[in-house]
Amino acid sequence: MTFERSDTVPFPHEDWAAHDGVPLLRTLAGALIELEFTTGLESFALPYPPEAQRALDRTVLACLLSGEPPPAGLTELVDRCRSVPLAEWPLRLPPDAIGLQDRLLDEESGRPTELCHEWAWRTPDAAVEFRERRVVRAAMRMCQEYGDEKAYTAFRGLLVRRPVLTAAEMFEVIGDMLLEPVRDLIRQIYRPVPDSYLRDGSYTCCERCLTLLVPSQDGEWWCERDRCRRQGPAPAGRRIERETAGQVSQLERPLRQFVTGPGRAEADLERDLLALGLEVHMWPGYDAYDLLVVFPDGHRWAIDVKDWAHPVFLGRSARAVPHDPPYDEAFWAVPTHRTTARTGYIAAFERARPGRARDLSLFTDAEIVARARARLRTVKGEVGRA
């Protein structure tokens, strides 16, 4: 997932502004995320936080105008966000805005879904400056001032491969000379882990995505990543004993959502392309794009990986892949699990894609690997005939 150097994200929104369901969904999503962060989503007392009260008021009004029974209070509103798909809400929405099973809260854990985070942070609002973009742009600027592209690559790798750090690991990272340009930034973006992640005095990481698992009431684990949940029960990986680990820290949620998650998809694609014997460079040119792939005949692909739940948000952000470092072909890639979970994902992306990006193709990661394999056979065949 490449981060733009501009201050705003291209996202035309005049057509969506005419639908009263869009601002309501954004308000609901923002309120749910704020509630989880400040008070938790289990119990509430009057007066409600301002954003939560605003979400409740707007939902009640939407229900009354449509003749639907409104929620009696915030607890009932939160329960609806968890149990009722958005397609069944009295919302006036544009085409492709929601899928049939989309929810703002996960049905099992009651925590905000990845889609909820995207509605809160990816909807059209020119005044919004996304937290993860500010962080990554700051890291890019610091490393450029040092003239050290390897430091930036190491920083991106840290966020992807080590979203959780013990006290000793944090000391090691802060002492790494390669990360010196972004040392202070690292201290800011890793936050203490709350007790809600504890079970029997330990924290447990997901073996697949490396983020912390949340204990569920039935004794199982819940992973915040859609991809993990669709692959089956969360696999318990590294266990961290609180008494011996000292202060355990994890990346703040926006960075886990929009950097670590897509970064795992980037790393998986890198692994699959390397297995074909291709040359792969990650985040070249200070993150001009995600992967530079070089074939044996010198042909070069530029690939940006976009692990987004909502195809319209992704389509509206579409733009040409920067030409430096140079390449012969460029694509965007989305993890296959996104297109499996949402029928018509790529078609919705293409409908939302602005005119300036009409030539930008979106493939699944599996399709990218298949195309690479086919091209390799062609190249090797030509070499054999020569």
Side-chain angles (χ1 to χ4, degrees), residues 1-30 33 86-87 91-100 102-104 112-134 136-137 226 254 257-259 261-262 265-266 287-290 302-322 330-339 341-365:
M1 178 181 180
T2 299
F3 290 84
E4 301 162 60
R5 290 160 171 80
S6 61
D7 289 334
T8 59
V9 179
F11 201 129
H13 62 275
E14 291 81 1
D15 51 339
W16 276 40
H19 295 79
D20 51 21
V22 170
L24 174 55
L25 273 185
R26 185 177 187 278
T27 300
L28 275 168
I33 290 169
L86 292 172
L91 299 170
R92 192 167 64 99
L93 294 166
D96 299 325
I98 54 175
L100 292 177
D102 284 351
R103 288 175 170 83
L104 293 179
T113 59
E114 290 186 45
L115 187 75
C116 182
H117 285 274
E118 289 187 10
W119 268 104
W121 294 326
R122 294 296 190 216
T123 43
D125 185 343
V128 171
E129 187 179 8
F130 306 126
R131 167 65 176 172
E132 88 283 357
R133 292 184 182 275
R134 293 202 308 269
V136 175
R137 283 203 303 268
D226 289 350
Q257 172 72 28
F258 296 114
V259 181
E266 295 159 12
D287 205 12
Y289 42 84
D290 294 325
I303 304 172
D304 252 347
V305 180
K306 306 294 183 181
D307 189 4
W308 289 29
H310 203 304
V312 172
F313 294 165
L314 181 58
R316 287 169 176 257
S317 72
R319 65 196 181 282
V321 177
F331 320 103
W332 274 15
V334 62
T336 301
H337 76 93
R338 294 296 185 191
T339 61
R342 192 178 186 117
T343 303
Y345 186 105
I346 290 181
F349 164 85
E350 291 174 346
R351 285 192 292 270
R353 186 178 50 189
R356 64 176 179 275
R358 285 298 170 198
D359 295 332
L360 178 67
S361 296
L362 177 68
F363 299 107
T364 67
D365 48 7

Taking Val305's backbone N and O only, do any of them form a donor-acceptor pair with Asp290's side chain (distance below 3.5 Å, no angle check)?
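Side chain of Asp290 to backbone of Val305, a donor-acceptor pair under 3.5 Å: yes, one is there.
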
Might you point out which heavy atoms bring [X] and [Y] nearest each other, and give the distance in Å?
| X | Y | answer |
| --- | --- | --- |
| Glu118 | Phe258 | CG-CE2, 3.9 Å |
| Gly261 | Asp307 | O-OD2, 3.8 Å |
| Leu104 | Ala29 | CD1-N, 4.3 Å |

With sequence neighbours excluded, residues passing ring pair (Phe, Tyr, Trp, His ring centres under 6.0 Å) with Phe363:
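With sequence neighbours excluded, Phe363 shows a ring pair (Phe, Tyr, Trp, His ring centres under 6.0 Å) to Phe331, given in chain and number order.
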
Close side-chain approach of [X] to [Y], heavy-atom, < 4.5 Å:
| X | Y | result |
| --- | --- | --- |
| Tyr289 | Ile303 | no |
| Asp102 | Trp119 | no |
| Leu25 | Ile98 | yes |
| Pro311 | Ile346 | no |
| Leu100 | Thr343 | no |
| Lys306 | Pro262 | no |
| Tyr345 | Val334 | yes |

side-chain hydrogen bond (donor to acceptor under 3.5 Å, both in side chains), paired with Asp96, selected from Arg351, Arg342, His310
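Running side-chain hydrogen bond (donor to acceptor under 3.5 Å, both in side chains) over Arg351, Arg342, His310 with Asp96 returns exactly one hit, Arg351.
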
Quick one: list whatever passes salt bridge (Lys or Arg N to Asp or Glu O under 4.0 Å) with Glu114, sequence neighbours left out.
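Scan of Glu114 (salt bridge (Lys or Arg N to Asp or Glu O under 4.0 Å), adjacent residues dropped) gives Arg225, Arg338.
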
Which residues pass the side-chain contact (heavy atoms from CB on, under 4.5 Å) test with Arg353, not counting sequence neighbours?
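Only Ala318, Phe349, Glu350, Ala357, Arg358 meet the side-chain contact (heavy atoms from CB on, under 4.5 Å) criterion with Arg353.
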
Tell me every residue that passes side-chain contact (heavy atoms from CB on, under 4.5 Å) with Thr336, counting only those two or more places apart in sequence or in another chain.
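With sequence neighbours excluded, Thr336 shows a side-chain contact (heavy atoms from CB on, under 4.5 Å) to Thr339, Thr340, Thr364, Asp365, Ala366, given in chain and number order.
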
Do Arg103 and Leu86 pass the side-chain contact (heavy atoms from CB on, under 4.5 Å) test, and can you show the C-alpha distance, the side-chain angles, and the key distance before you say yes or no?
CA-CA 6 Å; Arg103 288 175 170 83; Leu86 292 172; 5.7 Å; no

